[in-house]
Amino acid sequence: MANFGHVYLIGAGPGDPGLLTLRGKDILEKADVVVYDRLVSPAILGMCNSKAKMVDVGKMPTHHKVKQSEINKLLVQYAQEYPQGIIARLKGGDPFVFGRGGEEALELVAAGVEFDVVPGITSAISVPAYAGIPVSHRGIATSFHIITGHEKAESNGELSLDFENLANCQGTLIFLMGIANMDFIAKRLMECGKAPKTPLAFIEKGTTPYQRTVMATLETAGETIVRENVTAPAITIMGGVVELGKTLAWKKNLPLSGKRLVVTRAAKQASGIIARLTALGAEVIETPMIETRAVEGSFNWADLANFDVLAFTSTNGVESFFTQLLTSGNDIRVLAGKKIASVGKITEKKLLEYGIRCDYVPEDHTGEGLGKLLRDVVDKGEGVILGPGAESGINSERSSESKDLIESRILLLQGNLADDTMLKLLPQATRWVVYETLPVAELPEWKREAVESADAIVFASTSAVENFCSVILSGVRSTESKDLNRDSSTTPNGFAQNDNNACYPRKSFCIGRMTESAAQKHGFETVTSDETTMDSLVKKIVEFYT
Ligand code: SAH
C-alpha cells in the first residue's frame with residue numbers, strides 16, 4: 001500500500017462543544033490538517049492542534065464554497081502530502097447522517113487511503129433533546145424517521161420524497177435541511193392525508209447559545225417560518241412528541257444567551273473568565289493577543305539575599321518567578337523573612353497558591369498605587385527589615401542615605417513591557433524582568449471570522465487592546481468575505497471597519513481605567529468594571545446585557 005496519511009472522518013456534534021466525542025477531540029489535538037465545515041463551532045476549531053493546517057471548505061447557504069467532488073479530491077491530496085500525517089475531516093453532527101461522509105469514504109477507498117470514522121452526535125436527535133422533545137416516547141411514537149428536505153430528483157428537479165409513505169407514517173418525522181422547502185413539504189403531506197393539526201417544531205441553531213424553538217402545526221408551518229423568520233441551520237420535527245417540549249423544555253435562557261464575546265486574555269490566564277461567561281450562556285471566542293514566556297536563566301538567585309521586599313505586578317510575574325526559582329534548585333525558603341508586595345487581589349491570590357501571603361497591597365490595584373505604597377513604607381521605614389548584607393544603623397532617624405538603602409532593598413518582578421511608573425517612584429529599587437510578553441502575530445482565518453461576528457470584545461490589558469488592533473487591522477479581507485454589505489466606517493451592526501475591510505465589534509468590556517482609555521483611543525465604546533477583578537468585569541457584562 002502506498003505511503004499515505006490517515007484520514008479521520010469526525011463528527012463534531014450539533015454545536016455545543018461539550019458534545020464532541022473524546023475520541024474526536026483526541027484526534028483534533030494531534031491533527032496535521034483539519035478540513036472543516038461551516039457548522040463547526042469556533043470552540044471546537046480552537047481545540048485543534050494550533051500548528052495544524054486549517055482548511056475551510058464550509059458551504060455558505062447561498063453559494064457552495066468548495067464543491068463536494070473537490071473536497072473528496074482534497075482529502076486524498078492531503079493524505080499524499082502528509083505521508084505519516086493525521087488528516088481530520090471535521091463535519092457537523094454525524095459524518096454519515098446527511099453529511100456526505102459516505103461519498104468521501106468511497107473516494108478514499110478508491111485512492112487506497114486508510115480512514116477511520118469517528119461518529120458524532122447527530123443534530124437530528126440532539127437538537128430536539130435540547131428543546132425538551134424526545135424523538136420517541138412510549139404511547140406516542142414508536143419510531144422516528146430522519147429525512148432530508150433538500151434532495152432533488154435528477155429526473156425532474158423535484159424533491160425526491162415519498163410523500164404518500166411519509167404521510168402514513170405514525171412515527172416522529174425529523175427533517176434536516178428543510179426550512180426553504182417546508183411550506184411545500186407540509187402541503188404535500190396534508191394532500192397525502194397527514195392531519196393538518198399535527199404538532200410541529202422548528203429548532204434553530206440547537207445546542208448553541210443561540211438556540212430557539214418555534215412551535216406550529218402542519219397547516220401553519222409555512223406562514224410560521226415567514227412570520228418568525230426561521231433560518232438555517234434548523235430542524236423540523238413533526239408528531240405528538242412535540243407537545244412534550246412544552247413541559248420538558250429544560251434549557252434555560254441565560255443572561256448572556258445569544259451573545260458572542262471575544263476574550264483577548266492569554267489562554268493560560270483566561271480560563272476562569274471563559275468558564276464564567278460560558279456558564280452564563282455566552283459563546284466565547286478565545287483570542288489571546290499576547291503570549292507570555294518566562295525569561296529563563298538570567299538571574300543570580302544568590303542576589304535575592306540583597307532584597308527585603310519583593311514586589312509582584314502580575315500573575316505572570318508570580319508564575320514565572322516561582323517556576324524559575326524551583327527549576328534553579330531553590331525553594332520558597334529563600335524568601336524567609338522577606339516582605340511581599342502585590343499590585344492587586346488577583347496577583348495576591350496567585351501568590352497564595354505558592355504558599356505566600358502578601359504584606360502590601362495598594363487600594364487602587366495599579367502599579368502607581370503599589371509604587372506609592374512602597375514609597376511610603378520606605379519613607380516611614382515601617383515594617384522594613386534589613387536582611388544579611390545590609391548595613392546597620394538606620395533606626396529612628398531617617399537620613400536620605402538610610403532611605404536609599406531601604407529602597408535599594410526592594411526588588412520589582414515585572415514583565416518586559418512594564419512601564420517605568422514604579423521605578424520612577426522608587427529609583428533605587430532593582431527590577432528583574434521575569435517574563436516576556438510577545439504579541440500574537442496573526443489570527444487564523446476561522447478565528448478572524450468568528451471575531452468579526454462577535455457582539456463585543458473583552459480587554460484585560462492595554463497591550464491586549466494594542467495588539468488586537470494591530471492584528472485585526474493588518475488583515476486584508478478576502479474578496480469572498482467582503483460581501484458582508486457593510487458600509488465604510490460603521491456597519492449596521494455597530495461594527496467598525498478600516499480601509500482593509502477588516503471588521504470587528506466596536507463594543508468593548510474593559511478591566512481597569514488604563515485599558516479603558518487605550519480602547520477608547522482606538523474608537524471602541526467601553527464599559528469598564530468597577531474593580532480590577534474578573535468578578536467585577538463579569539458582573540458588569542451581565543448588567544449591560546440584562
Ligand atoms: N451531519 C449532520 C447533518 C448535516 S445536514 C448531523 O448529523 O447533524 C445540515 C442540517 O443539519 C442543517 O440544515 C440542519 O437541518 C441540521 N442541523 C445541523 N446542526 C444543527 C443545529 N445546531 N441546529 C439545528 N439544526 C441543525
Side-chain angles (χ1 to χ4, degrees), residues 8-21 24 35-45 57-66 68 71 88-105 117-133 135 144-152 159-161 172-186 200-216 221 225 228-238 242 245 249 251 257-258 260 281 283:
Y8 293 84
L9 302 173
I10 303 173
D16 181 343
L19 298 180
L20 172 70
T21 65
V35 180
Y36 65 93
D37 277 349
R38 183 176 62 94
L39 287 181
V40 177
S41 80
I44 290 179
L45 296 178
V57 291
K59 302 179 187 77
M60 305 304 280
T62 44
H63 57 273
H64 285 245
K65 260 195 182 170
V66 181
Q68 186 60 47
I71 298 175
R89 170 68 179 116
L90 188 57
K91 306 163 82 69
D94 180 88
F96 279 3
V97 177
F98 302 129
R100 307 189 73 168
E103 293 165 53
E104 293 171 10
V117 179
V118 181
I121 295 187
T122 178
S123 62
I125 296 167
S126 58
V127 167
Y130 265 51
I133 302 174
V135 292
F144 58 87
H145 310 264
I146 303 170
I147 306 140
T148 165
H150 190 66
E151 199 162 299
K152 304 260 168 69
L159 279 184
S160 44
L161 293 179
T172 305
L173 302 186
I174 301 159
F175 289 88
L176 270 57
M177 301 180 285
I179 296 301
N181 298 321
M182 197 43 67
D183 188 35
F184 175 78
I185 292 171
L200 166 159
F202 304 111
I203 310 155
E204 208 178 68
K205 302 184 178 64
T207 82
T208 74
Y210 312 94
Q211 174 173 320
R212 179 170 73 132
T213 305
V214 177
M215 300 276 191
I225 289 176
E228 298 289 333
N229 188 27
V230 178
T231 47
I235 69 152
T236 308
I237 177 163
M238 284 176 205
V242 169
K251 198 168 185 266
S257 289
R260 178 176 272 194
E283 183 185 18

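Below, all heavy atoms of this structure are taken into account, side chains as well, without hydrogens, waters or symmetry copies. Ligands are counted one by one from 1 in listed order, and the atoms in each one are counted from 1 as well. Sequential numbering from 1 along the given sequence is applied to the chain's residues.
- Shown here are the salt bridge (charged side-chain N to carboxylate O under 4.0 Å, His left out) partners of Arg260, two or more places apart in sequence or in another chain: Glu283.
- Here the OG1-CD1 distance, from Thr172 to Ile125, works out to 11.0 Å after rounding to the nearest 0.5 Å.
- Note that NZ of Lys205 is 4.0 Å distant from OG1 of Thr231, once rounded to the nearest 0.5 Å.
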Evaluation steps, side-chain contact (heavy atoms from CB on, under 4.5 Å), between Asp37 and Val57: CA-CA 6 Å; Asp37 277 349; Val57 291; 3.8 Å; yes

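- Across Ala105 and Leu9, no two heavy atoms sit closer than the pair CB-CD1, 4.0 Å.
- Around ligand 1 you find Pro14, Leu39, Gly92, Gly93, Asp94, Val97, Phe98, Thr122, Ser123, Val127, Leu176, Met177, Ile203, Lys205, Gly206, Pro233, Ala234, Ile235, each with a heavy-atom distance below 4.0 Å.
- Atom-to-atom distance recorded for Tyr130:OH and Gln211:CD is 8.5 Å, nearest 0.5 angstrom.
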